[in-house]
Structure formats: structure tokens, C-alpha cells
S.K.: 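Just dropping this structure here.
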Amino acid sequence: MTHDAQPPASLFIDGAFVEGEGGALPVFYPYTGQEIASLREASGTQVALACQSAARAQPAWAAMSPADRGRVLSRAAAIIRDRNEDLSRLETLDTGKPIQETLVADWASGAAALEYFGGLAATVTGQMIPLGRDWAYTRREALGVCAGIGAWNYPSQIACWKAAPALAMGNAMVFKPSEETPLGALKLAEILVEAGAPPGIFNVVQGGGEVGAALVTDPHVAKVSLTGSVPTGRRVYAAAAEGMRHVTMELGGKSPLIVFDDASLDDAVGAAILANFYSSGQICSNGTRVFLQQGIARRFLDRLAERLATIRTGDPLDPETQFGPIINGTQAGKIRAAIAAGRDAGARLVCGGVGEGAFIPPTVFADATDDMTITRDEIFGPVMTTLTFADEAEAVARANATGFGLAAGVFTRDLTRAHRVVAALEAGTCWINAYNLTPVEMPFGGVKMSGLGRENGTAAIEHYSQLKTVYVGMGAVEAPY
């Protein structure tokens, strides 16, 4: 079967589709390798035009009442929900993720973000500070033009997660999706205009690193929000710093999931599956270092292998498919190299392996050590590394012995221990007796090399606005001379 996902044009600038003037950007369905769309990258001139368009539109957008801005976002959320089936099919073609995932976890999450920040917009206020005769107050104001740079694992969700707080606070955004998954952001731009967003408030440019660099360093850009790898984050952060731009960095991880002996076995196994194999393991917050207390380790691995044996792999557009392909051959090659390195280092392969073609099965290693590359390095694929520990202090120390700090999870029936352990873990987002649940109401982000700033929740407002302080004199001015 052939699939056609060709958009009207490659870019979206100043409220209209525009064809790119740069190099070719083919889009492939990861399951078959079939080309489903042919786009063109933005030229440097077009990146500049997109930023200029955003800068022109932003002041009037910021001058609107917050409630009016919020209504636009809420209408966009309603449109997305109404078209969720078609949008989810496009997301599956773009990413290769099973349709049973994209129907509930991608555009649905994006709509939730637009709705949440649409409702939050009118509630953001300043502070009145009494100073005796005089007084002061604060205003929370827009930054201006925000640059958003997305990743290929949740392209449409990420676009919404960045656009929603930015637009709610009166900013404009120029968004560059991953060159691997360029289609969803164009749909979001179209939907926002349909919902009432003025032209230029949300623009989309396409391309790779050169386009991203041009966007990050454009003089109109006041803020950069990136979802990506640590190496990309280093480069973007450094480039943004040249212009003293605000940044949010949501980067990679090698997150620990600690399972104590008293945990509910099936709940812990289920969470580990979600923490390693949902979206074929291509999730930055995955708990890929699973620390098993010695008393539960064997039962955990046996039950895990039983459940993984039932996973259904196949065409992502088949509603029965539970596990899809890797995004592309290059990424699949990196994952297979990591699996080979794990076996060569002496880790025991419990299940899975290198697979065939675009598919790599859920892969579990046991008897691993902390110094193995499969334990230290982010693989970004369906590879779980399990390690055993004796007591709480050992688990916490080993879990923290990494430069990453995106996420962590703890499974135990002892809630006092659960809260004590998450307080000691060096991670920005933690779960107790759950994993990888990221409702929009909850701030999400990392520490250490996994990034800075927060997305979602009221915390995101601080990262898409700036505080202005106003001192009000109420009497005569006294001066010493």
C-alpha cells in the first residue's frame, strides 16, 4: 500500500504555506522505507523572514487580553481533538509509532497542553509590594520571539508543549521540527491560524543543523527551547548564550528505575515495560537502568520475559500492533552496536537481540555492571539493562553515579522509603510506583547534563516570560544634593 502525506508546502511563514528554497528533505515511513512526502529545507533568508514575521506579529498578540489569547489555544485544542484520528494516522506515518499509541499519547497530549495553558493565561498576575508611603509591583511580560527546536520521537506533542506556554504568555514562536519528522508541526501551524492566531505568531521552518543554527542566532530570537540530545544541547546552549537568550533544554537521560523487594511484581514489571519499550524505546526519560533488589531480581526477570513474549510487532497502522520500527536505519545501527557491545562486555541477554530490518525487539540484559557502556550511555532504543543491589543506600549511590539527571522511578510498598529515596535521587522528574506518566499539569525537565528549565505545569510560565519590577513613588523626592 502506498501512503501520501505530502503537505501543501514545506514551510509555514506569516500565516501561509511557503515552499522551501534549500535542499531536498524526503520523508520516509519507517515501517516500509517508502517516501511519503518530499519537502525542501528553509534557506537562511527564509529563516530570517520567519523570525521577522514573528517579531512583527508579536507585540499586537501580547497586547491582547490573556483570556482572548487563551481562547485561541482552547479552540486549537478542540480542533485537534475533532481531527485526532487523521492527525494520529499522519503521526504514525511520520514516526512509525503504532496507531494505538498515537491515538492516545501524541496529538491528544498536545491538545491537553493547548487547553491547559489556554485556561491558565488569564490567571497569571503580578505582585503588589507595600513599602510604606511608596509601593512597587511586578508585571510578568512576554519575552518576544521564541525559537522551538523539536525531536523526532514525539514531534507533534513537543511542538504543542512548546507553543502552548509561549503563545499563552504573548510570545510568538518559530518552530523547527526534526528533519526526520517534519509533518506534524505544519498541521499545528495551520490549526492555530484556523483557531484565530494572527499570521506570524507560529511559524515553521524545516531543515537540519544549519537551519537550527540560523534560527538560534537570529537577532529577533529572545528564547530558545530545545528537545534533543546532550551534544546538540551543548551546541545550542552555547550559541544562545552569545545573545544572552533565555533557554529551556530538555535533553537525554540514562534514568534509574529502582525496584525494592517489597514492590508489587506485576506493577513493577509493567512500569519497566513502559519505561523501556513504549515507542520502541525512543523516549528520553526512559528508565533504562533497572536496579533490582536481590530478593526480587529473578522473579522480576522471569515475569518480564513472559510478558515481552506476547508483544505484537507489525504494521504500525494496524490497530493490533503494539511495537513499531526504529525511526531510521542509522538509529537502528547505533542500537544494534550497543546490543553487541553489551554481549561482548559479558552482560547476559535475557531476551531480544539485534532483530531484522527496521525492527529491534524488546531487549533485556541481566548481570550487567555499572561500568559497561550499555549501563552508562544513552541508547535511545528498546534496550533495558538490569542490575542488582543489596540495600537502599547502595541503590541511591549507584543510581546517582551518572552525568544525566532527567528522570527516576522507585517501586516499593514502603511509602516512607519511597519519599526518602526520591528526595535523594538527582533527577528532575521522579515517579513513585509509576513511570513515564507526564500530564501537562506536572512540570517536566531534568538536572545535571539532562538540561535546565521546565516544560508544562505553572512552572513553564516562568520560562516563557520575564519579570518587570515597577517602583511607584507617592511623595516628594529627597536627594542629598
Side-chain angles (χ1 to χ4, degrees), residues 15 53-84 107-130 135-148 156-175 188-203 222-223 225 246 248 438-445 453-472:
S53 167
R56 283 195 308 271
Q58 187 270 328
W61 174 248
M64 289 172 59
S65 76
D68 285 341
R69 291 197 301 270
R71 288 187 191 99
V72 172
L73 300 185
S74 296
R75 283 195 293 268
I79 293 169
I80 288 170
R81 289 197 175 102
D82 186 56
R83 301 174 190 169
N84 183 55
W107 278 102
S109 173
L114 291 163
E115 185 174 60
Y116 175 82
F117 286 104
L120 193 65
T123 73
V124 178
T125 61
Q127 180 184 25
M128 186 272 182
I129 306 163
W135 56 288
Y137 65 93
T138 60
R139 292 168 50 91
R140 191 157 284 285
E141 299 182 341
L143 297 170
V145 177
C146 299
S156 299
Q157 180 197 75
I158 291 169
C160 292
W161 277 20
K162 295 186 187 307
L167 271 56
M169 291 309 300
N171 302 286
M173 174 164 278
V174 180
F175 188 80
L188 176 60
E190 195 175 14
I191 287 168
L192 283 167
V193 168
E194 184 179 345
I201 289 301
F202 186 80
N203 297 323
K223 152 90 182 194
S225 179
H246 300 252
T248 297
T438 55
V440 68
E441 297 88 349
M442 182 181 89
F444 178 81
R454 290 295 178 268
E455 296 191 295
N456 291 341
T458 56
I461 293 298
E462 299 177 17
H463 298 288
Y464 284 97
S465 61
Q466 55 196 347
L467 205 61
K468 177 183 284 181
T469 302
V470 182
Y471 185 105
V472 181

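Numbers here simply count residues along the sequence, with the first being 1.
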S.K.: Looking at Gly126, is its backbone amide N or carbonyl O close enough to the side chain of Arg139 to form a donor-acceptor pair, meaning the two atoms are under 3.5 Å apart?
M.R.: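 Flag not set: sc Arg139 to bb Gly126 has no pair under 3.5 Å.
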S.K.: Distance check, rounded to the nearest 0.5 Å: Thr138 atom OG1 versus Lys468 atom NZ?
M.R.: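 Output value for this atom pair is 11.5 Å.
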S.K.: Less than 4.5 Å apart, side chain to side chain, heavy atoms only: is that true for Ile201 and Val193?
M.R.: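 Heavy-atom side-chain distance check fails, nothing below 4.5 Å.
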S.K.: Run the side-chain donor-acceptor check on residues 158-169: report pairs under 3.5 Å with partners two or more places apart or on a different chain.
M.R.:
| residue | atom | partner | partner atom | Å |
| --- | --- | --- | --- | --- |
| Trp161 | NE1 | Ser109 | OG | 3.1 |
| Lys162 | NZ | Ser225 | OG | 2.9 |
| Lys162 | NZ | Thr227 | OG1 | 2.9 |
| Lys162 | NZ | Glu455 | OE2 | 2.9 |

S.K.: Would you call Leu114 and Leu188 a side-chain contact if the rule is heavy atoms closer than 4.5 Å?
M.R.: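 Leu114 reaches Leu188 side chain to side chain.
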S.K.: Can you tell me how far CD of Glu462 sits from CZ of Arg140, rounded to the nearest 0.5 angstrom?
M.R.: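 Between atom CZ of Arg140 and atom CD of Glu462 there are 5.5 Å.
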S.K.: What are the two closest non-hydrogen atoms of Ala195 and Ala76, and how far apart are they?
M.R.: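 Closest approach of Ala195 to Ala76: CB-N, 3.5 Å.
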S.K.: Using every non-hydrogen atom in the two residues, find where Ser53 and Gly200 come nearest and quote the distance to one decimal.
M.R.: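 Answer, listing the atom of Ser53 first, then Gly200: OG-CA, 3.2 Å.
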S.K.: Starting at CG of Leu192, measure out to CG of Asn203 and round the result to the nearest 0.5 Å.
M.R.: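 Interatomic distance, Leu192 CG to Asn203 CG, rounded to 0.5 Å: 11.0 Å.
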S.K.: What's the spacing between Tyr137 OH and Ile129 CD1 if we round to 0.5 Å?
M.R.: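 Going from OH on Tyr137 over to CD1 on Ile129, the span is 11.5 Å.
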S.K.: Going through the checks in order, is the side-chain contact (heavy atoms from CB on, under 4.5 Å) test met by Lys223 and His463?
M.R.: CA-CA 9 Å; Lys223 152 90 182 194; His463 298 288; 3.7 Å; yes
S.K.: Quick check: closest heavy atoms across Ser156 and Trp107, and the distance to 0.1 Å?
M.R.: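 Reported closest heavy-atom pair: OG-CZ2, 3.2 Å.
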S.K.: Would you name the heavy atoms of Ala111 and Ala77 that are closest together and state the gap between them?
M.R.: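 Scanning both residues, the minimum pair turns out to be O-CB, 3.4 Å.
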S.K.: Show the numbers, then the answer: is there a side-chain contact (heavy atoms from CB on, under 4.5 Å) between Phe117 and Asn456?
M.R.: CA-CA 9 Å; Phe117 286 104; Asn456 291 341; 4.1 Å; yes
S.K.: Give me the atom names and distance for the closest heavy-atom approach of Ala172 to Ala54.
M.R.: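 Reported closest heavy-atom pair: CB-O, 3.6 Å.
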S.K.: Test of understanding: with side chain to side chain donor-acceptor pair (under 3.5 Å), list the residues that count as partners of Asp68, not counting sequence neighbours.
M.R.: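 If we apply the side chain to side chain donor-acceptor pair (under 3.5 Å) test to Asp68, skipping adjacent residues, the hits are Ser65, Arg71.
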S.K.: Under 3.5 Å, side chain of Asn171 to main-chain N/O of Val145, donor-acceptor pair present?
M.R.: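 Not a single qualifying donor-acceptor pair exists.
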S.K.: Taking side chain as C-beta onward, heavy atoms only, is Tyr116 less than 4.5 Å from Thr458?
M.R.: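 The answer is yes; the side chains approach within 4.5 Å.
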S.K.: Give the minimum heavy-atom separation between Thr248 and Arg454, together with the two atoms involved.
M.R.: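 Smallest interatomic distance, heavy atoms only, reads CG2-N, 4.2 Å.
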